[in-house]
Amino acid sequence: MTYPSVHPTGATIYNPDKCWNGYTLFNVRGYGALLVNMNGGEVKLWENMFGFPNKLLPGGYLLGSRGERNTKYGTQDMLDLVQVDWDGKVVWKFDEYEYIEDPGEDGRWMARQHHDYQREGNSVGYYTPGMDPKVDGGNTLILCHKNLENPQISDKKLLDDVIIEVNWEGDIVWEWVCSDHFEELGFSEEAKNAMCRHPAIRQNGGDWMHINSMSTLGPNKWHDAGDERFHPDNIIWDGRNTNISAIIDKKTGNIVWQIGPEFNATPELKKLGWIIGQHHAHMIPRGLPGEGNIMIFDNGGWGGYGAPNPGSPTGERNALRDYSRVIEIDPTTLEIIWQYGPAEAGLVQPMDANRFYSPFISSAQRLPNGNTLICEGSGGRLIEVTPEHEIVWEYINPYISMELPFNMVYRAYRVPYEWVPQLEKPEEQAIERVEIQNFRVPGAQQLGCSNKTPVEGTQESTEYGDNLCVAMTPE
Amino acid sequence: MTYEMFTSTGCARCKITKQYLKANDIPYVEHDFNGEGKEAFAGFYKANRKNIFRDQDGVEFPVFTDGNVIKQGVSIIIGHFASGDSLTGFISRSSLHGEWIDGFNVSDGNPDQAEGLLTVLSHLKKHNLKIQLNSYGPNADLLEKILKQGLGDRLIMEIKGPVGLYAALSGNKIDKEELIKSIRLANQFPEFELFTTITPLVRANGSVDFLTPEEIGETAKLIEEASHSKKNPYLLKVFDPETTDKDEFKSVESMATSSMFKYRTQARRYQVMTEIGNKET
């Protein structure tokens with residue numbers, strides 16, 4: 001997260017032999033849905049498309065939105081969810097979730113979609129061998145907003161999360177309302193008290209849960225072994241404002257698996273450690289390395305409700321941490337199977353841990369060769385890392401938004417070349433990691449001093465060089 | 001004939017009832033449940049338990065008797081003195097407490113007795129109660145009088161379904177123009193809400209099935225035609241076999257909420273604010 005004011009953008013590292021090569025899709029605010037090749041070349045832009053997130057379908061189809069509700073009156077409400085073809089023509093559309101009349105604006109239908117959706121055929125929305133999403137039919141699960149009141153949670157109007165299932169014709173055939181399950185979530189009285197008074201108020205209500213990812217489990221070994229909690233149709237989601245990640249039964253809507261909001265409750269949770277403000281919790285689909293495990297971008301930053309503390313005078317956002325980690329866990333034991341955090345990135349903890357840190361947005365995608373594509377969202381950095389934590393591809397989003405002056409990327413997806421038949425497979429040119437000691441901008445002088453003076457009595461080196469103001473982790 | 005009335009200290013509706021009786025020179029003996037009348041009411045209640053409504057909040061006062069007939073609740077007692085039993089259908093027990101009072105179904109009574117209902121509503125309104133009314137279309141002229149005299153604060157209107165199915169759904173046919181008039185009037189109340197319950201019905205061929213999504217679309221279209229608006233608060237309710245008063249439908253399986261979405265989709269083509277509500281109550 002600590003950037004100098006001048007730094008390279010675009011592709012900065014690329015090892016074609018170790019990468020799972022393909023195109024990478026992400027949304028650039030104010031620019032559109034952008035597809036880049038492994039060398040960072042921009043091979044396609046669907047201009048001005050919104051994407052919360054954008055997803056690519058086989059055949060060069062794009063999913064995303066065509067606009068956002070006026071932010072004076074709505075919080076992250078997309079107007080619609082559409083599938084467009086390579087030429088930008090709409091081939092599927094949904095917007096009839098709620099009819100909205102905002103002050104001074106014409107009334108219109110809105111999807112109020114936010115953060116995620118899933119097209120039938122694929123459980124998680126990214127490439128999985130043998131699990132292609134449908135492109136000319138099928139249902140779509142969509143995460144939407146709905147305003148409502150629920151005095152159990154707060155006396156303030158709420159901005160609730162709703163999951164709906166929409167068929168190809170645009171009819172809603174299933175609906176799940178998060179606040180209906182408040183009592184199942186196991187909040188402590190301290191948390192309820194803080195939430196009641198401060199339910200994460202935004203423009204049009206208390207965003208008490210803030211679900212930011214939603215996907216189905218798909219076929220998996222746990223269900224094959226008879227564990228009904230992991231039925232392939234069940235849905236996993238996470239709520240960044242509560243630190244909860246959960247699975248709901250598609251048939252009953254009840255919560256059947258959950259971690260958070262407390263991480264001190266059991267030895268397994270304590271060992272797992274606090275997951276805070278997390279994103280993109282999903283089960284790695286069958287057909288990919290790690291299948292059946294749950295992968296989470298554990299942002300850190302701030303999240304949860306509980307007793308007030310110096311970092312949280314009101315008890316809202318009362319858990320804090322200033323680095324991120326991507327974790328892959330066994331959902332039956334909560335054991336961490338794989339992770340990528342500051343230590344794996346080679347950063348000194350805790351002093352330099354915040355160099356791997358995105359306190360909001362972000363994602364992680366398991367690739368067919370076992371690598372993981374990580375979107376460290378707030379800094380606009382996309383990296384592909386091997387199971388051994390080597391960065392084999394790195395890309396920095398060069399675009400800084402006019403509205404928000406930084407280069408954030410909400411989420412990124414790698415897709416196979418064959419999903420884009422309109423383009424010829426690009427040349428893959430390795431990018432060697434630049435030795436930054438010698439990396440200079442024009443006008444800067446080279447490394448090294450030609451005027452050295454020995455000082456009598458000084459040590460040449462010390463074995464006590466790691467004795468800093470704060471203890472290293474672990475020490 | 002000696003009238004007795006059981007009241008409760010601090011009961012506003014008891015005071016409203018007493019003021020009506022006083023204004024109309026109707027003598028009665030009062031027993032205050034919270035005072036000297038406690039034992040008298042206990043004996044009366046024990047002897048007439050099945051005729052006195054009581055819920056988790058206790059007994060609703062006032063309770064009135066002439067030795068034979070028992071009447072409970074301000075509107076029922078005043079209605080009894082205003083028009084005898086001729087307001088049956090128009091007035092029933094109120095389920096609301098505090099400043100709001102309900103239990104008035106404009107469509108269910110004899111329109112020839114409209115003046116009696118207006119008398120009751122006027123007296124309640126004079127004492128600053130807020131009145132919630134129900135209608136399902138019939139007696140549109142009476143509804144218009146209530147509206148013009150400012151005697152209703154909220155109207156809950158049930159639209160049973162398409163005009164052509166009204167006889168099967170409510171037991172009585174309705175003239176389309178009358179239904180349209182009632183819907184149009186509903187729009188003019190300070191607060192109003194329209195709803196339809198997705199109920200089973202006996203079809204012309206004798207078969208029993210639920211209203212269809214297309215018929216709900218037709219109903220929503222009628223609302224648009226009557227109100228010249230697509231933006232009415234319109235609720236679709238799930239039929240509850242446990243609370244229906246139609247014996248033939250008590251064994252019908254309740255519809256899953258997920259089945260309601262296709263009804264909402266059809267209705268929203270004409271009424272964009274349509275939502276799915278709880279089971280009918």
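Chain letters run A, B, ... following the sequence lines, proteins first and then strands; every chain starts at 1. Since this is a predicted model, take the numbers as computed values, not measurements.
Heavy atoms of B:K231 lying under 4.5 Å from chain A belong exclusively to its side chain. With a threshold of 4.5 angstrom between heavy atoms, B:T265 approaches chain A through side-chain atoms but not through N, CA, C or O.
Taking 4.0 Å as the cut-off between side-chain N and carboxylate O, A:K93 and A:D95 count as a salt-bridged pair. Checked for salt-bridge contact, B:R264 and B:E275 meet the test: a charged N lies under 4.0 Å from a carboxylate O.
When the candidates B:R268, B:K230, B:K262 are compared by the number of heavy-atom contacts under 4.5 Å with chain A, B:R268 comes out ahead.
Within the structure, salt bridge (charged side-chain N to carboxylate O under 4.0 Å, His left out) pairs that include any residue of residues 156-169 of chain A comprise A:E165-A:K250 (at least two apart or interchain). The salt bridge (charged side-chain N to carboxylate O under 4.0 Å, His left out) contacts involving residues 246-256 of chain B comprise nothing, where partners must be two or more places apart or lie in separate chains.
A cation-pi arrangement, defined by a distance under 6.0 Å to the six-membered ring centre and an angle within 45 degrees of its axis, is present between B:R93 and B:F53.
Listed by sequence position, A:E96, A:Y97, A:E98, A:Y99, A:E101 are the residues of residues 96-103 of chain A in contact with chain B, using a 4.5 angstrom heavy-atom cutoff.
Residues satisfying the side chain to side chain contact (heavy atoms under 4.5 Å, CB included) test with B:K125, not counting sequence neighbours, are B:I131, B:L151, B:D153.
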Next on the checklist: Quick one, B:F33 with B:F61, criterion ring pair (Phe, Tyr, Trp, His ring centres under 6.0 Å). Give me CA distance, side-chain angles, the key distance, then yes/no.
Outcome noted: CA-CA 9 Å; B:F33 170 72; B:F61 290 101; 5.3 Å; yes
